[in-house]
Amino acid sequence: MLSDIDEVSGKSSCPLCGGETAYLSTDLRPVFPQERLLLELLLDAEPLSFAKKSVWCENSRYYIGGKAKSISSKTFLQADTNALSKRLEELKALNEKDEITSLFEAHIERFILANRPRLNALIEEAHRFIKEEAAKFPTENIVLSFSGGKDSSVTADIVTKALANPSFVHIFGNTTLEFPTTLEYAERFRRNHPFAIFETAINDEQDFMKVCDDIGPPARMMRWCCSMFKTGPITRTLNALYRNQQILTFYGIRHAESVSRSKYNRVEDDKESVKIQKQTVASPIIDWKDIDVWLYLLGEKVDFNDAYRLGYDRVGCWCCPNNNQRAQFLSRIYMKERSEKWRAFLIDFAKKIGKPDPEVYVDSGAWKARQGGNGLASSNDVKIRFTNCTAEEHAKNYALVHPFSDELVNFFVPFGKVSRELGRKLLHEVLVLDVRTNVPIISIQPFTVDGFEYAVKVKTMNVADHEDLQRQIAYQIRKFNACRKCLKCESVCKAGAISITTEGYHIDEEKCVHCKMCVNQAVLANGCLMAKYLRTKGGI
């Protein structure tokens with residue numbers, strides 16, 4: 001074992017056999033038997049030749065018997081997955097006695113034994129952190145975020161053990177784009193933890209493919225799907241359970257996962273940092289490496305998602321734009337029909353937005369770098385078009401995509417008390433009053449403007465900064481015009497006043513506390529996520 005792994009770290013001590021310095025410099029994951037079989041085929045190696053060797057992986061670099069072997073993205077892209085699938089089934093038949101699994105488990109036992117002191121230290125430190133943070137909240141206000149991935153599995157287990165409480169609320173966000181193995185694992189987890197309160201958050205009002213057709217597929221910098229199919233539904237579930245209460249959520253974020261997550265604090269409660277405003281979030285394993293996570297899962301014998309056994313190193317949405325070519329290669333083998341359907345959609349989308357070589361645009365992964373709404377008719381909805389009123393000071397005429405309605409008036413609730421009685425009846429005017437003084441600060445009325453199919457005149461009055469208020473008003477006009485029910489606004493409202501359903505966007509006047517978080521640039525840039533996803537200036 002020692003000689004096998006020496007070359008992984010390039011040091012005399014072994015990361016898998018107790019070498020502490022080398023261990024800390026690595027970020028490896030074990031390669032399970034199923035992936036080994038596929039790896040042999042991909043590298044044209046002798047069948048079952050990797051069974052007796054120690055095989056570990058870091059991204060697309062494998063360490064086989066201590067020797068590094070990098071596999072290029074091109075190899076994964078060009079692989080004949082149909083032939084590989086067929087041959088893989090034949091190899092699995094050759095391994096009827098499951099000898100590979102037995103040999104693999106022997107390697108893992110040595111790994112755990114050598115690094116038990118490291119594991120004990122990790123557990124001790126995490127338990128101390130968890131107890132300190134949990135002491136600041138009532139037990140019933142502690143929640144575990146459960147995604148079905150390895151990090152959330154560790155977090156759920158380590159928090160439950162640290163606090164000796166098997167009955168915490170677990171929130172599973174089913175994005176409708178989960179791996180089949182994730183849904184199987186979530187159900188298995190629920191059965192195996194009968195005392196846990198296991199809640200599934202799901203957005204069953206939206207169809208992912210229909211939204212993609214409207215505003216384009218998610219991209220690395222434009223993951224609208226996270227808000228619409230994950231954060232939003234989780235917010236609804238938390239609001240139903242806790243209403244206006246502040247909660248502590250333990251989740252499995254780690255610095256090593258990405259550049260953006262490397263900047264996260266271990267505890268976040270700032271309104272600009274958390275996605276769901278009613279949460280304080282705490283990350284017990286934030287500084288753990290991949291190898292630490294696997295040391296815990298295997299050493300503590302914690303069940304986990306079977307997708308990792310197939311070779312996936314991250315488990316989220318199966319078609320996530322952050323997935324690399326190796327993940328896409330695996331999906332072409334294990335989720336063939338879904339992969340083919342998704343590729344066909346992406347090619348059609350590329351044609352719709354005018355890409356000259358759609359197949360290359362898709363297969364090269366260029367679609368993942370898409371920014372903005374170039375080529376999409378829906379991009380016009382986020383453009384704020386207005387004219388300054390020549391007859392009244394501090395008044396603007398805004399273009400509307402839909403006719404003036406009470407739904408539009410409802411968007412003005414955050415600014416103050418909406419009075420439908422005090423406005424000029426002949427003009428169908430509605431006034432918004434300052435909540436403290438009852439002095440009118442906004443006048444709203446339907447209007448006719450040349451060049452605008454529909455329009456509204458909005459006048460500000462009795463305020464110190466007219467431009468700032470008009471800027472916030474423009475955010476609400478954009479929401480009215482461009483809302484795609486992404487659910488982000490529900491997440492930024494601590495009071496639970498905002499609800500977005502098939503019937504539309506609604507702000508409860510009784511619940512709204514007029515904090516203006518929903519029009520705060522720092523919390524929601526330009527007032528609406530669609531402004532980011534459908535903008536056209538500088539788009540790709």
Side-chain angles (χ1 to χ4, degrees), residues 126-127 130-131 133-134 137-206 208 225-243 245-254 274-276 278-285 293 296-297 300-309 312 314-318 487 490-491 496:
H127 279 201
I130 291 164
K131 290 174 182 177
E133 295 306 316
F137 288 79
T139 300
E140 60 270 21
N141 284 35
I142 296 175
V143 172
L144 296 174
S145 177
F146 182 85
S147 69
K150 65 184 188 303
D151 299 335
S152 71
S153 296
V154 169
T155 300
D157 188 77
I158 205 166
V159 171
T160 299
K161 289 176 178 175
L163 300 177
N165 187 343
S167 58
F168 285 121
V169 172
H170 293 61
I171 305 291
F172 170 52
N174 181 352
T175 63
T176 73
L177 302 168
E178 305 295 337
F179 287 83
T181 58
T182 300
L183 299 179
E184 293 166 4
Y185 172 54
E187 177 58 26
R188 194 164 69 237
F189 184 96
R190 187 190 62 78
R191 290 198 311 268
N192 293 338
H193 297 81
F195 296 107
I197 302 170
F198 194 87
E199 297 284 341
T200 298
I202 185 170
N203 181 353
D204 51 13
E205 297 171 2
Q206 298 270 46
F208 174 72
C225 45
C226 293
S227 178
M228 189 177 293
F229 291 98
K230 188 172 184 178
T231 308
I234 290 174
T235 298
R236 289 178 167 180
T237 301
L238 292 176
N239 284 340
L241 291 171
Y242 296 101
R243 297 187 181 179
Q245 300 175 62
Q246 193 70 12
I247 63 172
L248 172 66
T249 299
F250 286 106
Y251 67 170
I253 293 293
R254 294 187 298 114
V274 294
K275 293 180 180 179
I276 301 175
K278 70 187 311 99
Q279 290 188 117
T280 293
V281 293
S283 313
I285 63 171
V293 172
Y296 186 93
L297 288 171
E300 295 295 294
K301 301 189 184 308
V302 178
D303 188 20
F304 56 88
N305 194 319
D306 287 330
Y308 295 110
R309 301 183 189 277
Y312 292 96
R314 65 184 301 272
V315 178
C317 297
W318 75 269
L487 308 186
E490 288 191 5
S491 301

Between side-chain atoms of residues 194-204 and protein atoms elsewhere (two or more places apart, or another chain), which donor-acceptor pairs fall under 3.5 Å?
from: N203; atom 1: OD1; to: E205; atom 2: N; distance (Å): 3.0
from: N203; atom 1: OD1; to: Q206; atom 2: N; distance (Å): 3.4
from: N203; atom 1: ND2; to: M228; atom 2: O; distance (Å): 2.9

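For S227 against P233, the heavy-atom pair with the smallest separation is O-CD, 3.9 Å. Closest of all the heavy-atom pairs between S147 and G149 is OG-N, 3.1 Å. Nearest approach of H193 to F189, heavy atoms of both residues: ND1-O, 2.8 Å. The heavy-atom pair separating R188 from D306 by the smallest distance is NH1-OD2, 3.9 Å. Closest approach of F208 and C225 over heavy atoms only: CE1-CB, 4.2 Å.
Take F304 and apply the ring pair (Phe, Tyr, Trp, His ring centres under 6.0 Å) test, not counting sequence neighbours, and it matches F32, W294. Taking the side-chain hydrogen bond (donor to acceptor under 3.5 Å, both in side chains) definition, one finds that T181 meets it with N305, sequence neighbours left out. Taking the side-chain contact (heavy atoms from CB on, under 4.5 Å) definition, one finds that C226 meets it with R223, sequence neighbours left out. For the side-chain contact (heavy atoms from CB on, under 4.5 Å) test, residues two or more places apart in sequence or in another chain that qualify with T249 are V143, S145, I247, Q279, V281. With sequence neighbours excluded, the residues forming a salt bridge (Lys or Arg N to Asp or Glu O under 4.0 Å) with R254 are D151, D290, listed by chain and number. Scored by the ring pair (Phe, Tyr, Trp, His ring centres under 6.0 Å) test, F250 finds no partners at all (sequence neighbours excluded). The salt bridge (Lys or Arg N to Asp or Glu O under 4.0 Å) search around R243 returns none, not counting sequence neighbours.
In this structure, Y296 and I285 have side chains that are not in contact, with every pair of non-hydrogen atoms separated by 4.5 Å or more. Counting heavy atoms from C-beta outward, V315 and T182 have side chains that approach closer than 4.5 Å.
Applying the side chain to side chain donor-acceptor pair (under 3.5 Å) test to every pair with at least one member in residues 162-171, sequence neighbours left out, gives these pairs: N165-S167. The stretch residues 172-184 participates, sequence neighbours left out, in no salt bridge (Lys or Arg N to Asp or Glu O under 4.0 Å) pair at all. Note on residues 152-161: pairs passing salt bridge (Lys or Arg N to Asp or Glu O under 4.0 Å), not counting sequence neighbours, are D157-K161, K161-E300. Residues in residues 163-176 take part in no salt bridge (Lys or Arg N to Asp or Glu O under 4.0 Å) pair, two or more places apart or across chains.
Using cut-offs of 30° and 60° on the angle between ring planes, the pair F179 and Y312 is perpendicular.
A donor-acceptor pair under 3.5 Å links the side-chain atoms of Y185 to the main chain of D303, judged by distance alone.
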